[in-house]
Each structure stands twice: as C-alpha cells, then as structure tokens.
S.K.: 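What follows is a structure written as structure tokens; I'll ask about it next.
Just so we're clear, the structure is a prediction, and the values are computed from it rather than from any experiment. FYI, side chains are in, hydrogens and waters are out, and symmetry mates aren't considered; it's all heavy atoms of this structure. When a residue number appears, it is its place in the shown sequence, counting from 1.
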Amino acid sequence: MKQKCAQKALEMIEDGMTIGLGGGSTVALLIGEIEKNKKKIQAVTPSQDTLRLCMEHHIPVLPLEMTDTLDLAFDGCDELDMQLNALKSCGGIHTREKLVAAMAKEYVLLADEGKCRERLSFAYPVTVEVLRASVSYVKKCLVQMGAQVTERRSDGKAGILVSEDGNYLLEAKFHDIDDVEALCAALDRIPGMVGHSLFYQAASKAVIAKADGGEIKGEIKIKILEKPENSN
C-alpha cells in the first residue's frame with residue numbers, strides 16, 4: 001500500500017519543482033520513484049534520514065534555512081482524520097515539518113487505511129518540543145489540560161531526548177478529545193513550547209491507500225482526500 005501511495009504522489013510532481021519531503025517509509029519509497037522516473041526536481045527536508053536518502057538517490061537538496069516557498073510537500077503521519085487533521089508524533093521533528101508544510105503551496109499527507117479515522121483517536125500522544133528553561137512550566141500546563149505527561153527517553157541514551165534544534169521532547173497523552181481545533185489553539189498558547197505534533201488543518205490533500213475487499217485479491221485502491229472548503 002505504501003508503494004501505491006508513493007506512485008500516486010509521483011504523479012503530482014513535475015520537472016522543475018522544489019519539493020518538500022518529510023520523514024518515514026512512504027516518503028523513502030517516493031524518493032526511489034523520483035530517481036527511477038528521472039524527475040528533475042530539488043528537495044527540501046526536515047529529516048536527516050531523508051536528507052541522506054536524497055543524496056543516495058542523486059536528488060539535489062536545498063538547505064531548509066535558505067528556502068521560503070515550495071511547490072509541493074509530502075509527508076507521512078501516524079494518524080489522520082477525514083478533515084485532514086493529523087498526529088505526527090513518532091519522529092519528533094514536527095516543528096520543522098510544520099515549517100515545511102507552511103512553505104508549501106500544497107502539503108500532501110501519505111497514509112494507508114489503517115491510519116485513517118473518522119476523527120482522531122489520539123492513540124498516540126501529542127509530542128511537544130519545549131525550551132529547556134520551560135520544561136517544568138509546560139509540564140504543569142499540560143497536566144492542567146488533562147494530559148498524562150512523560151519525558152521522551154531512549155534505551156540508547158541517558159536522560160531526556162532532545163530535538164535536532166536542542167530542545168526537550170515531552171509526550172502528552174490526551175483522552176476523549178472532541179474539539180481538535182480547541183486543543184491545538186490551547187497548545188499554541190503555552191509559553192516556552194516550540195511546537196507540537198498535532199497538525200490541525202495543515203494539509204491540503206491526503207493520498208490514502210486501501211486494500212480492496214472485492215474479488216481481486218491483493219488489489220490496492222487509492223483515494224484522494226481534499227481539504228474541506230469551509231476549513232482554514
């Protein structure tokens with residue numbers, strides 16, 4: 001299904017474009033398709049892993065800090081709803097990913113049907129990136145909002161994990177969220193928070209791969225979700 005997503009995304013890419021490429025396995029497959037089809041593009045990426053893949057596949061990469069506009073941007077997600085709200089919690093590079101999304105004329109999420117919900121279930125925590133000086137205060141604010149807060153840690157590293165920009169990463173587990181817009185706005189208002197992994201109305205489209213339940217075993221169908229007209 002991820003390969004089908006990548007192939008459909010490739011159809012949106014034209015020679016001469018500057019493309020944003022996020023992280024994840026579907027984006028990795030798209031990079032392979034770009035090279036195979038000899039697309040003449042430049043890339044920008046918030047991900048060091050994607051940067052290395054682009055170099056391996058001979059795709060020129062522009063520095064993120066030297067770019068302000070993108071023709072298209074593609075990214076994966078952990079969870080997606082029918083209004084194109086998404087959680088992008090696992091990678092921990094959401095602040096840079098939101099920057100890429102804001103630069104893009106069209107920001108397209110790539111997902112398989114297993115990640116799609118009528119509304120976000122928040123099976124994943126909201127990852128928040130915070131200034132080191134604000135860790136205790138941000139924790140207090142998140143707890144007051146009803147979240148269970150933990151520090152992101154790794155077996156391979158002592159202490160709290162930090163982002164590529166040197167900020168601490170926390171995990172805020174929310175339950176029974178009915179108003180995604182209100183939660184996003186409340187998170188945005190917390191002083192000392194650099195960014196969070198809840199993407200409210202950031203995407204303009206989503207490419208969804210779905211296994212067909214019909215007679216042809218193994219057939220994969222692609223569905224394109226468009227941002228609702230009444231959305232921001």
S.K.: If you count heavy atoms of other groups shown closer than 6.0 angstrom to CG of Asp176, is the number above 12?
M.R.: no

S.K.: Picking from Gln3, Lys39, Glu11, what satisfies side chain to side chain contact (heavy atoms under 4.5 Å, CB included) with Glu33?
M.R.: Gln3

S.K.: Apply the test side-chain hydrogen bond (donor to acceptor under 3.5 Å, both in side chains) to residues Glu171 and Thr150: give CA-CA distance (whole Å), side-chain angles for both, the deciding distance (0.1 Å), then the verdict.
M.R.: CA-CA 5 Å; Glu171 308 282 4; Thr150 56; over 6 Å; no

S.K.: Between Thr18 and Leu70 (side chain of the first, backbone of the second, donor and acceptor by atom type, cut-off under 3.5 Å), is there such a pair?
M.R.: no

S.K.: More than 12 foreign heavy atoms under 6.0 Å from CE of Met145: is that the case here?
M.R.: yes

S.K.: Just by modelled atom types, is the Pro46 backbone N or O under 3.5 Å from a matching donor or acceptor in the Thr50 side chain?
M.R.: no

S.K.: Is it true that Val138 and Phe174 fall in one hydrophobic cluster, defined by side-chain heavy atoms closer than 4.5 Å?
M.R.: yes

S.K.: Side chains of Leu30 and Leu21: does their closest heavy-atom pair fall under 4.5 Å?
M.R.: yes

S.K.: Tell me if a side-chain donor or acceptor on Glu164 pairs with a main-chain N or O of Ile93 at a distance below 3.5 Å.
M.R.: no

S.K.: Does any N or O in the side chain of Ser47 come within less than 3.5 Å of the main-chain N or O of Gly23, such that one atom is a donor and the other an acceptor?
M.R.: no

S.K.: Take Ile190 and Leu142, measure what side chain to side chain contact (heavy atoms under 4.5 Å, CB included) needs, and give me the verdict at the end.
M.R.: CA-CA 9 Å; Ile190 299 176; Leu142 293 170; 4.1 Å; yes

S.K.: Would you say CD of Glu151 has more than 12 non-hydrogen atoms from neighbouring residues, nucleotides or ligands within 6.0 angstrom?
M.R.: yes

S.K.: Side-chain heavy atoms nearer than 4.5 Å, only ILVMFWY residues, links allowed to pass through others: does that put Leu198 and Tyr168 together?
M.R.: yes

S.K.: Would you give the length of the straight line joining atom OG of Ser121 to atom CD1 of Ile177, rounded to the nearest 0.5 angstrom?
M.R.: 11.5 Å

S.K.: Would you check if there is a donor-acceptor pair between the side chains of Ser197 and Lys88 at a distance under 3.5 Å?
M.R.: no

S.K.: Report the C-alpha separation of His196 and Glu129 in whole Å, then their side-chain angles, then the decisive distance to 0.1 Å, and conclude whether the side-chain hydrogen bond (donor to acceptor under 3.5 Å, both in side chains) test is met.
M.R.: CA-CA 6 Å; His196 57 82; Glu129 181 177 350; over 6 Å; no

S.K.: Look at the aromatic rings of Phe199 and Tyr107 and report parallel, tilted or perpendicular, splitting at 30° and 60°.
M.R.: parallel

S.K.: Do Glu79 and Lys115 sit within salt-bridge range, that is, some charged N less than 4.0 Å from a carboxylate O?
M.R.: no

S.K.: I'd like to know if Lys4 and Asp112 make a salt bridge, using a cut-off of under 4.0 Å between side-chain N and carboxylate O.
M.R.: no

S.K.: Is any side-chain heavy atom of Ile224 less than 4.5 Å from a side-chain heavy atom of Ile208?
M.R.: no

S.K.: Counting only heavy atoms not in Gln144, do more than 12 sit closer than 6.0 Å to its CD atom?
M.R.: yes

S.K.: Are the side chain of Thr26 and the backbone of Gly76 linked by a donor-acceptor contact shorter than 3.5 Å?
M.R.: no

